[in-house]
Chemist: 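Structure provided below as C-alpha cells; questions to follow.
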Amino acid sequence: MDAKATPNGVATIEDRILRITGYYGYYPGYSSQKRGEGLQSNTENNTENAEKSRCQSCTSTFLKFVWGFLIILSVSSSWVGTTQIIKITYKNFYCPFFMTWFSTNWNIMFFPVYYSGHFAMAPEKQTMLQKIRECSRIFGEDGLTLRLFLKRTAPFSILWTLTNYLYLLALRKLTATDVSALFCCNKAFMFLLSWIVLKDKFMGVRIVAAIMAITGIVMMAYADGFHGDSIIGVALAVGSASTSALYKVLFKMFLGTANFGEAAHFFSTLGFFNLIFISCTPVILYFTKVEYWSSFSALPWGYLCGVAGLWFAFNILVNVGVVLTYPILVSIGTVLSVPGNAAIDLLKHEVIFSVVRLGATIIICLGFLLMLLPEEWDEITLRFINSLKEKKSEEHTEDIAEPSLHTRSRSRANGTVSIPLS
C-alpha cells in the first residue's frame with residue numbers, strides 16, 4: 001500500500017520504516033528504486049537465459065549437421081571401398097562364402113570397441129562384465145542364456161550370412177554400381193514387410209517408392225535381355241536386399257529398438273555364433289573343392305582384411321551415426337555409395353553404362369530417397385506452404401501500407417486530407 005508523498009520526501013510506508021530504523025545508505029525513494037532494479041535484473045536474467053538456451057540449441061544442431069556430414073562421407077566411402085576391394089579380390093581369389101565367414105568373424109570385436117569408447121569417455125565407468133550384463137537385456141530380463149543364444153541368434157546369423165553371401169555372388173555377375181543400386185531396394189522391401197507383418201502405418205508415397213524400386217529392378221534385368229549373367233546377377237542382388245529387409249523387420253519384431261551398447265553386444269554375439277557354428281561350412285566347401293585354395297600362405301590376406309575391416313567400419317559407423325546425428329543422414333550416406341561406385345567404374349574400370357541401366361539406377365535411388373520422408377511429411381509440407389503464404393500476405397500488406405503513408409504525409413503538407421473511396 002503506497003502513501004502520498006510528504007514534505008520530507010518520504011513516499012511510501014516502507015521508506016518511512018527504513019528512515020525510522022536508520023537503515024544505512026537510506027535516501028528517499030530507496031525501496032521503490034530497489035524494486036525497480038530487481039524487476040529489471042529479473043528481466044535481464046530471463047533474456048540472457050533465453051539467449052543462452054537458443055545459442056545452445058543452435059550449437060547442438062550445427063554440431064549434429066557437422067557430424068552428419070562426416071558420417072555421410074565415412075559411410076559412403078566405407079561401403080564403396082568394401083565393394084570395390086571385393087571386385088579386385090575376385091581377379092585372383094574367388095571364394096565368396098569364405099570371405100563372408102571371415103568378415104563376419106570381425107563382428108566379435110564390436111563390443112570391445114564399444115567398451116573402449118565407454119571406458120574412455122563415460123563419467124561413471126563400469127567393468128566389462130557389468131556392461132555385458134546391462135547390454136544383454138536386449139535378449140530379455142534374464143539376459144543371454146544358452147537357449148536364447150541359439151533361439152534368437154541363429155536366425156539372425158543365417159540371414160546376415162545370406163545377405164552378405166548373395167551380395168558377394170552378385171558382384172561376380174554385375175558391376176559394383178548395379179549391385180549397390182539394387183541393394184538400395186532393401187528399404188522398399190522393409191516397408192512392405194513392416195506394413196504386412198508389423199502393421200505399420202500405410203503411406204502412399206512409400207508405396208510409390210516401392211513401385212519405383214520394382215520398376216528399377218525390371219529395367220535392370222531387361223538391360224541385357226532376360227538371359228545370361230545379367231538376370232542371375234539381378235536375382236542375387238535382389239535376394240540380398242530381401243534378406244537384409246527381413247533381418248531388420250525380424251530384429252524390430254523380436255528385439256525392438258536397441259541403443260548402441262545393446263547393438264554392439266548383439267553384433268559380437270553374431271560373430272561368436274558365426275565362429276562356433278558356421279565354421280564347418282567353409283571347411284566342407286574347401287574339401288569338396290567348391291571353394292578351394294592351394295595353401296593359406298597363398299590367400300590374399302591384405303585384400304581379405306581390407307574387406308573385413310571396411311565392412312566392420314561400415315557397421316560401426318551406421319550405429320554410431322544414429323547416436324551422433326540424424327538417422328536420415330546415415331541412410332543418405334548409404335545411397336551415395338551408388339554414384340561413388342559409378343565414378344570408380346567409369347574412371348578406373350571404363351564401364352560404359354547403357355541408358356536403360358542408368359535410368360534404372362536413378363529410379364531406384366529416387367525411390368530410396370522417397371522412403372526417407374517422415375510419416376508426417378504431408379502435414380509438414382502444408383505447414384511450410386501456409387507459412388510462406390502468410391509471409392507473402394504480410395509483405396503485400398506492408399507494401400500497400402507504405403504508399404498510403406506517403407500519400408497522407410504529402411496531403412497534410414499541402415493542407416488537404418485524402419479520403420479513401422469506399
Chemist: In sequence, state the C-alpha distance, the side-chain angles, and the governing distance for M99 and Y90, and then conclude on side chain to side chain contact (heavy atoms under 4.5 Å, CB included).
Modeler: CA-CA 11 Å; M99 293 171 68; Y90 279 172; 3.9 Å; yes

Chemist: From L70 CG over to I72 CD1, what is the distance, rounded to the nearest 0.5 angstrom?
Modeler: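 Between L70 CG and I72 CD1, I get 9.5 Å after rounding to 0.5 Å.
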
Chemist: Just one of F98, Y94, Y286 clears the ring-ring contact (aromatic ring centres under 6.0 Å, His included) bar with Y292, so which one?
Modeler: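 Of the listed options, the one satisfying the test is Y286.
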
Chemist: Any donor and acceptor pair, going by atom type alone, linking the side chain of S268 with main-chain N or O of H265 inside 3.5 Å?
Modeler: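 Flag not set: sc S268 to bb H265 has no pair under 3.5 Å.
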
Chemist: Can you tell me if E291 uses its side chain to pair, donor with acceptor, with the backbone of F97 under 3.5 Å?
Modeler: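 Side chain of E291 to backbone of F97: a pair is present.
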
Chemist: In terms of relative ring orientation, are Y114 and F111 parallel, tilted or perpendicular, with 30° and 60° separating the classes?
Modeler: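 Rings of Y114 and F111: tilted, 30 to 60°.
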
Chemist: Apply side chain to side chain contact (heavy atoms under 4.5 Å, CB included) to M220 and T361, showing your working.
Modeler: CA-CA 8 Å; M220 195 75 75; T361 302; 3.8 Å; yes

Chemist: Parallel, tilted or perpendicular: which one describes the rings of F251 and F266, with boundaries at 30° and 60°?
Modeler: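 The rings of F251 and F266 stand perpendicular, inter-plane angle above 60°.
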
Chemist: Distance check, rounded to the nearest 0.5 Å: S244 atom OG versus L162 atom CG?
Modeler: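 So the OG of S244 and the CG of L162 are separated by 11.5 Å.
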
Chemist: Find the distance between CG (L369) and NZ (K187) and round it off to the nearest 0.5 Å.
Modeler: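 NZ of K187 is found 11.0 Å from CG of L369.
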
Chemist: Compute the ring centroids of F156 and F273, then answer whether they are less than 6.0 Å apart.
Modeler: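 F156 vs F273: aromatic centres not under 6.0 Å.
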
Chemist: Would a distance-only check, ignoring hydrogens and angles, find a side-chain to backbone donor-acceptor pair under 3.5 Å from S194 to M190?
Modeler: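 Side chain of S194 to backbone of M190, a donor-acceptor pair under 3.5 Å: yes, one is there.
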
Chemist: Taking the six-membered ring for Trp and the single ring otherwise, decide whether the centroids of Y167 and F183 are under 6.0 Å apart.
Modeler: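 Under 6.0 Å, so yes.
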
Chemist: Keeping W301 on the side-chain end and F296 on the backbone end, is there a donor-acceptor pair under 3.5 Å?
Modeler: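 Checking the backbone N and O of F296 against the side chain of W301, a donor-acceptor pair under 3.5 Å is found.
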
Chemist: State, yes or no, whether a side-chain contact exists between N186 and T163 at a heavy-atom distance under 4.5 Å.
Modeler: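 They are not in contact (no side-chain heavy atoms under 4.5 Å apart), so the answer is no.
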
Chemist: Give me the ring orientation class for F191 and W195: parallel if the planes are under 30° apart, tilted from 30 to 60°, perpendicular past 60°.
Modeler: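 Plane angle under 30°, so parallel.
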
Chemist: Using modelled atom types only, decide if a donor and an acceptor are shared between the side chain of Y165 and the backbone of W101 within a distance under 3.5 Å.
Modeler: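 Side chain of Y165 to backbone of W101: no pair is present.
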
Chemist: Out of curiosity, N164 CG to T104 OG1, how far, rounded to the nearest 0.5 Å?
Modeler: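 Those atoms lie 5.5 Å apart.
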
Chemist: Sort and list the pairs that fulfil salt bridge (charged side-chain N to carboxylate O under 4.0 Å, His left out) and have at least one residue in residues 96-118, not counting sequence neighbours.
Modeler: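 Salt bridge (charged side-chain N to carboxylate O under 4.0 Å, His left out) check on residues 96-118 returns no pairs.
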
Chemist: Look up atom CH2 in W79 and atom CG in N341, then write down how far apart they are to the nearest 0.5 Å.
Modeler: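 Reported to 0.5 Å precision, the distance equals 9.5 Å.
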
Chemist: Name all pairs fulfilling the salt bridge (charged side-chain N to carboxylate O under 4.0 Å, His left out) condition that reach into residues 335-357, sequence neighbours left out, sorted by first residue then second.
Modeler: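 Those involving residues 335-357 are D178-R357, D224-R357.
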
Chemist: Tell me whether Y303 contacts the main-chain N or O of T89 through its side chain, where contact means a donor paired with an acceptor under 3.5 Å.
Modeler: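 Not at all, since once roles are kept as given, no pair shorter than 3.5 Å links the two residues.
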
Chemist: Going from CD1 on I71 to OG on S78, what distance comes out if it is rounded to the nearest 0.5 angstrom?
Modeler: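 I71 CD1 to S78 OG: 9.5 Å, rounded to 0.5 Å.
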
Chemist: Could you list all the salt bridge (charged side-chain N to carboxylate O under 4.0 Å, His left out) pairs where at least one residue sits in residues 239-254, not counting sequence neighbours?
Modeler: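 Those involving residues 239-254 are D200-K252.
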
Chemist: Show, in sequence, the C-alpha distance, side-chain angles and deciding distance for T177 and T175, and conclude whether the side chain to side chain donor-acceptor pair (under 3.5 Å) test is met.
Modeler: CA-CA 5 Å; T177 306; T175 63; 4.6 Å; no

Chemist: Evaluate F267 against W160 for ring pair (Phe, Tyr, Trp, His ring centres under 6.0 Å), listing each step before the verdict.
Modeler: CA-CA 10 Å; F267 277 111; W160 177 279; 5.4 Å; yes

Chemist: Given I362 and L366, is the side chain to side chain contact (heavy atoms under 4.5 Å, CB included) satisfied, shown in steps?
Modeler: CA-CA 6 Å; I362 293 171; L366 287 175; 4.0 Å; yes

Chemist: Is a donor on one side and an acceptor on the other found under 3.5 Å between the side chain of T243 and the backbone of S240?
Modeler: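 Yes; judged by distance alone, with no hydrogens or angles, the pair exists.
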
Chemist: Side chain of S136, backbone of R133: donor and acceptor closer than 3.5 Å?
Modeler: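 Yes.
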
